[in-house]
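Input: a single structure, listed below in structure tokens.
To find a chain, count down the sequence lines: A is the first, B the second, and so on, and within it residues start at 1. Just so we're clear, the structure is a prediction, and the values are computed from it rather than from any experiment.
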Amino acid sequence: MNSNLKNTQLAGWLFALPGTALIFLFIVLPFLFAIGLSLTNQRLISPNPTEFVGLDNYQRLLSVSIVTLSPTTDAQGQILLDDNGQPKYPRLRSITRNKATPEYKGMREWFRWHSGDQAKVVIARDVVFMKALTNTLLFVLFVAPIQAGLALGLALLVNQKLAGINVFRTIYFMPVVVSIVVVSLLWRFIYDGNNGLLNSVLSSLTWGWFTPIDWLGKSETALGSIMAMSVWQGVGFHMVIWLSGLQTISPTYYEAGDIEGASRWQAFRYITWPGLRHTAVLVLIVITMQAFALFAQIDVMTAGGPRDSTQTLVFQAVERGYGKQDISGGSTISVVLFVIVLCISILQRYLTRERT
Amino acid sequence: MASVSLKNVQKNFGDTLVIKGVDIEIEHGEFVVFVGPSGCGKSTLLRMIAGLEDISAGDLSIGEKVVNALPPKERGVSMVFQSYAIFPHMTVRENVAFGLTIAKVPDAEKNAKVQNAARILQMEHLLDRRPNQLSGGQRQRVAIGRAIVREPAVFLFDEPLSNLDAALRMDMRMEIANLHKQLDATMIYVTHDQVEAMTLADKIVVLRDGEVMQAGAPMDLYLEPDNQFVAGFLGSPAMNFIQVNVSELDATHAMVIGPGLAPTRVPHRGRAHTAGQSMTFGLRPQHMWPAEDGKLAGVVGISERLGSETVVNFRLQDDSSLIASLGTDQIFTPGQTVAFDFDPETAHLFADLK
Ligand SMILES: Nc1ncnc2c1ncn2[C@@H]1O[C@H](COP(=O)(O)OP(=O)(O)OP(=O)(O)O)[C@@H](O)[C@H]1O
Ligand SMILES: [Mg+2]
């Protein structure tokens, strides 16, 4: 009996071995490497020996400060105005290259705002990283709820017992099956500034009143365009997850709702939505993680441009590690991304925990 | 007033006719039990009354009004499901209040009604629990609570006790009977347990394959079953049946004879027509007693001594097996020859079952 039990355990471990080994080899090990590399100045190919640099990489990536600029004045203390009648400010260089403030050396302007006559300037050592970070957060903030919501709507629609409903399920799921690279290429044509599909449709809908926009070529529209396309691409996948959740809800609950006189909205609010709790947590976490990993669309469609308006964390990590051969810089970004995603997942788990 | 009336009600699922033209009249305040074997269409019939299944043909009226086309909420019914169907994410209080929440009843009134329902069902201490912290019987109470707060005119129960153990089932049976006394409402109750049917009902409707076999007061059905099916369905142990032949008959009685049955004059209740006719003879196990020269002679198979009664299984000459239930403790040994006697007036004659 005892030896039998031991044998079964051994068999269990043997079965688990290939999977565990692969996970260890391709996920755990590289991740540990990344942490290690982020503490050095390792380059992809370099004649110089690698040195341990401690948290330098993190410091360079994450340092942000706010400096205040006062308007330039003339000898009488009058504020000088520029051609537009706005106050003139000294150039940022006067601070970042000032010997008296060595801590700001090498930092560049990220953005600024005015309070009274003063200009508050946020400077960062790595402005591109900061833009990548905010773009990624914005992307998650918009894509996660919109994609989850649309997917739920579609799931509710295709969860009806109608003839031919499987045709619709298949159609909505189709974008998921197509490679994201192919989808990105197609959408590049759709978004084309001259005679892309979107511009043509919009101008024919408005009888030529609409002036074509170079969707991916303008910094105001590029990120939004990529968001829209990403939502479209992923919505089918999450629809299927919602659908599986919907089908675990016993029809008897809806019958009880019918008897008690629940309207369609009340049935959704009191029966469907609470029944989808666990699915909702899953969908939210999966979408958030996928959104943080945004890369292929950027690589194919904009390469981070125009003017860094579509930089993202993963794109930057790859760009630095391989494009600029700065492996330690790329690793540092990956570790930062890991910490952010971990924190958000823990927070989501906490907020959606089972309350008793 | 909430009488319920079914006139030639039919239901088909695709090509199969499941309810084959059912007529039932239920008066206001009556407790009606639908019984029948599994698959006979009890649940389907109940769900048609509730409005969860549409009616293929015929008329269903509740309180003199034809409701075939009305959705469930407009029929003034509430239903207790076999699986309880109480919502796991709501507390007992929220579950019981569900119908009132849906109808946007003001909080004060809602709380008072929930409290009252909880008092009737003796579950005031459970109100803040969640369903996963309740036993089966308590869950059933919650489901009943949800049904009574809305004060509907008609209650529908679909095998509400079938998931409970025997002792609890008995308690709940009493509670439901009490509830019916307290609430002035019509109740329609589905079960396949004839004990529930006998104890609860004002009127029993026995169903078989989507047809009403007989409807009436429990004791009427027990004492005067119209056919072999009803006779065999009600009563425990079930009525004994043996094949007999009619040798002579007059207006009220027929002389019958069969293998292992000495010639006996039995009331035929208009069901025997000609001499020589083959019929089914029925006799309840409780209506026999052992006697030296009894009309039924055979060999003991097994006997069970239950203390208060003895159940004897014995075989007649033609190998048909009968059961006698004796109200005293008696000892029979397997293989022993026995004879049982009975009062012919307590026997039944039925046309052969199709
Ligand atoms: N949705 C359906 N589609 C097709 N046939 C059905 C459907 N629902 C029920 N039936 C059939 O109708 C008949 C009656 O079913 P019903 O559920 O009413 O039986 P029941 O008397 O309640 O049985 P039980 O005691 O097992 O609950 C059965 O033969 C069943 O197979
Ligand atoms: Mg049933």
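More than 12 non-hydrogen atoms from other residues, nucleotides or ligands lie less than 6.0 angstrom from CZ of B:F13.
The candidate with the highest count of non-hydrogen atom pairs below 4.5 Å against chain A, out of B:R75, B:E74, B:R150, is B:R150. Contact count versus chain A (heavy atoms, under 4.5 Å) is highest, among B:R146, B:E94, B:M79, for B:R146. Ranked by non-hydrogen atom pairs under 4.5 Å with chain B, the options A:S263, A:S250, A:A262, A:G275 are led by A:A262. Ranked by heavy-atom pairs under 4.5 Å with chain A, the list B:A103, B:P72, B:A147 is led by B:P72.
If you measure heavy-atom distances from A:T252 to chain B, the contacts under 4.5 Å come from both the backbone and the side chain. Using a 4.5 Å cut-off between heavy atoms, B:I86 touches chain A through its backbone atoms (N, CA, C, O) alone.
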After noting the C-alpha distance and the side-chain angles of B:R93 and B:D128, does the key distance pass the side chain to side chain contact (heavy atoms under 4.5 Å, CB included) rule? CA-CA 6 Å; B:R93 188 188 304 279; B:D128 292 312; 3.3 Å; yes

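Residues satisfying the ring-ring contact (aromatic ring centres under 6.0 Å, His included) criterion with A:F24, sequence neighbours excluded, are absent altogether.
Separation of atoms CD1 (A:I241) and CG (A:L152) is listed at 12.0 Å; rounding is to 0.5 Å.
Side-chain atoms of A:S230 and A:Q297 include a donor-acceptor pair closer than 3.5 Å.
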